Amino acid sequence: MFSKRNLWCVVLMAGALLSCGQRQKPEVEAAVAKSGNPIFEGWYADPEGIIYGDKYWIYPTWSDVYENQVFFDCFSSKDLVNWTKHSAILDTAEVKWAKKAMWAPGVISKDGKYYLFFSANDVHEGEIGGIGVSVSDRPEGPYKDLLGKPLINEIVNGAQPIDQFIYHDPDSDAYYMYYGGWGHCNMVRLNDDFTGLVPFEDGTIYKEVTPENYVEGPFMFKKDGKYYFMWSEGGWGGPDYSVAYAIADSPFGPFNRIGKILQQDEKVATGAGHHSIMHVPGSEDYYIVYHRRPLNDDARDHRATCIDKMTFDKDGFINPVKITFEGVEARTIQ
């Protein structure tokens with residue numbers, strides 16, 4: 001017959017044996033550092049993201065009325081979570097021919113120099129403006145106007161000279177620039193020091209490569225031997241702004257539209273578009289940097305820069321991007 005004391009001992013032993021077979025759950029789960037969206041404060045649009053060395057860099061447009069768009073800031077980070085602002089890296093005091101509407105930076109490095117291409121003046125036929133080039137010894141500037149005039153001023157093939165993206169093709173070692181607003185996209189080849197354009201093999205300077213539904217904001221990257229060409233669709237001032245893409249075997253196309261991969265989410269934000277892609281070398285980590293509009297805010301210039309993961313299916317097609325408030329987890333570059 002058990003005494004109360006013996007019964008209590010049996011209960012304790014049974015509890016101990018039971019707990020040995022179970023993993024003890026910590027009282028508080030460790031928080032995972034994430035960027036959050038937007039990733040930095042302020043109204044910033046048209047973000048160009050790029051990796052220089054072991055740092056991520058983002059070069060956006062200051063989103064404001066055209067008369068106030070007279071400078072560029074940029075941001076750098078080692079982990080996608082903590083961002084450092086570099087103010088006024090280029091402005092109209094340096095670019096004498098630019099008076100307003102400086103937007104949509106396109107950036108690249110070459111031979112130890114850093115280049116920032118930009119649009120200015122919202123140029124129309126017969127006006128001074130278009131695509132300019134600036135250069136610096138450091139990614140954060142300050143940048144100096146390389147030419148003292150626009151690189152491209154003219155309206156060719158109906159394309160307003162804005163929204164330039166510079167692409168270095170690893171196969172040919174050529175530097176191409178894709179650009180254009182007003183529903184048309186041109187492709188040109190840059191000379192070695194980015195001071196001018198050189199003809200293609202057929203003698204032409206400009207090639208129109210406009211895909212279906214193209215509006216503006218071209219971007220190119222290469223993956224697994226294929227060229228992924230991307231662009232923005234819809235009205236830049238409205239909620240239906242979005243990003244679509246094509247896949248081609250050549251940087252010249254043809255770029256046959258596959259579909260949208262970035263667009264508004266009625267629970268998160270509207271007007272998700274004008275993007276760029278950052279790919280961590282030697283990995284399958286791709287990040288899409290883009291701007292979007294806060295819910296219930298229809299002010300034309302209220303656009304904020306955000307970042308989310310971009311993934312692919314087993315056949316190499318881009319999966320639709322889920323836009324989030326959380327952003328992405330911290331990721332350093334080795």
Side-chain angles (χ1 to χ4, degrees), residues 26-63 71-89 104-109 114 116 136 138-141 165 217 219 221 223 230 243 261-265 267-295 297 302-312 318-334:
E27 292 184 6
V28 179
E29 296 284 355
V32 177
K34 288 194 173 183
S35 64
N37 276 325
I39 53 177
F40 38 72
E41 293 184 358
W43 300 124
Y44 288 100
D46 316 328
E48 175 96 346
I50 196 167
I51 294 173
Y52 289 141
D54 64 351
K55 280 188 177 181
Y56 305 92
W57 293 82
I58 293 179
Y59 298 79
T61 299
W62 171 247
S63 189
F71 66 92
F72 292 111
D73 298 327
C74 75
F75 299 82
S76 63
S77 174
K78 282 204 166 187
D79 61 6
L80 295 175
V81 172
N82 302 288
W83 291 89
T84 298
K85 180 179 178 178
H86 308 275
S87 300
I89 63 173
V107 294
I108 199 165
S109 63
Y114 298 88
L116 188 156
S136 176
R138 302 181 301 173
E140 68 271 30
F165 173 71
F219 189 89
F221 70 95
K223 183 180 188 297
M230 312 178 79
V243 171
I261 57 95
L262 181 77
Q263 58 188 316
Q264 65 179 326
D265 182 329
K267 296 180 180 178
V268 181
T270 66
H274 202 125
H275 77 300
S276 56
I277 304 296
M278 294 191 294
H279 171 223
V280 178
S283 80
E284 284 298 312
D285 291 336
Y286 287 79
Y287 299 94
I288 185 166
V289 186
Y290 61 97
H291 74 241
R292 69 192 195 199
R293 299 176 181 278
L295 291 177
D297 187 341
H302 285 186
R303 298 174 292 174
T305 291
C306 300
I307 184 170
D308 280 298
K309 278 298 279 292
M310 189 177 78
T311 60
F312 302 80
I318 302 174
N319 293 316
V321 174
K322 178 177 173 55
I323 66 174
T324 69
F325 291 116
E326 295 80 15
V328 297
E329 294 182 8
R331 173 65 155 94
T332 56
I333 303 170
Q334 305 303 318

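Just so it is clear, the model here is predicted, and its values are computed rather than measured. Residue numbers start at 1 and run along the sequence shown.
- Using a 4.0 Å cut-off between charged nitrogen and carboxylate oxygen, Lys78 and Asp54 count as a salt-bridge pair.
- Contact detail for Asp308 and Arg292: the closest heavy-atom pair is OD2-NH1, 4.2 Å.
- Seen from the ring of Phe312, Lys223 counts as a face-on cation partner, given the 6.0 Å and 45° thresholds.
- Using a distance-only test at 3.5 Å, with no hydrogens or angles considered, a donor-acceptor pair links the side chain of Ser136 to the main chain of Arg138.
- Judged by distance alone, with hydrogens and angles left aside, the side-chain atoms of Ser76 form no donor-acceptor pair with the main-chain N or O of Trp57 at under 3.5 Å.
- Between Trp43 and His302, the ring planes lie parallel to each other; the angle is under 30°, not in the 30° to 60° tilted range.
- Residue Cys306 holds its SG atom at 11.0 Å from CD1 of Ile288, rounded to the nearest 0.5 Å.
- The minimum heavy-atom distance linking Met310 with Ile318 is given by the pair CG-CG2, 3.7 Å.
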field: Chi angles and distances behind the side-chain contact (heavy atoms from CB on, under 4.5 Å) call for Leu80, Met278
entry: CA-CA 11 Å; Leu80 295 175; Met278 294 191 294; 4.0 Å; yes
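- In this structure, the separation between NE2 on His275 and NE2 on His291 is 11.5 Å, given to the nearest 0.5 Å.
- A donor-acceptor pair under 3.5 Å is formed between the side chain of Asn37 and the backbone N or O of Ile307.
- Using a distance-only test at 3.5 Å, with no hydrogens or angles considered, no donor-acceptor pair links the side chain of Ser77 to the main chain of Tyr56.
- The ring of Trp62 has its center closer than 6.0 angstrom to the ring center of Tyr44.
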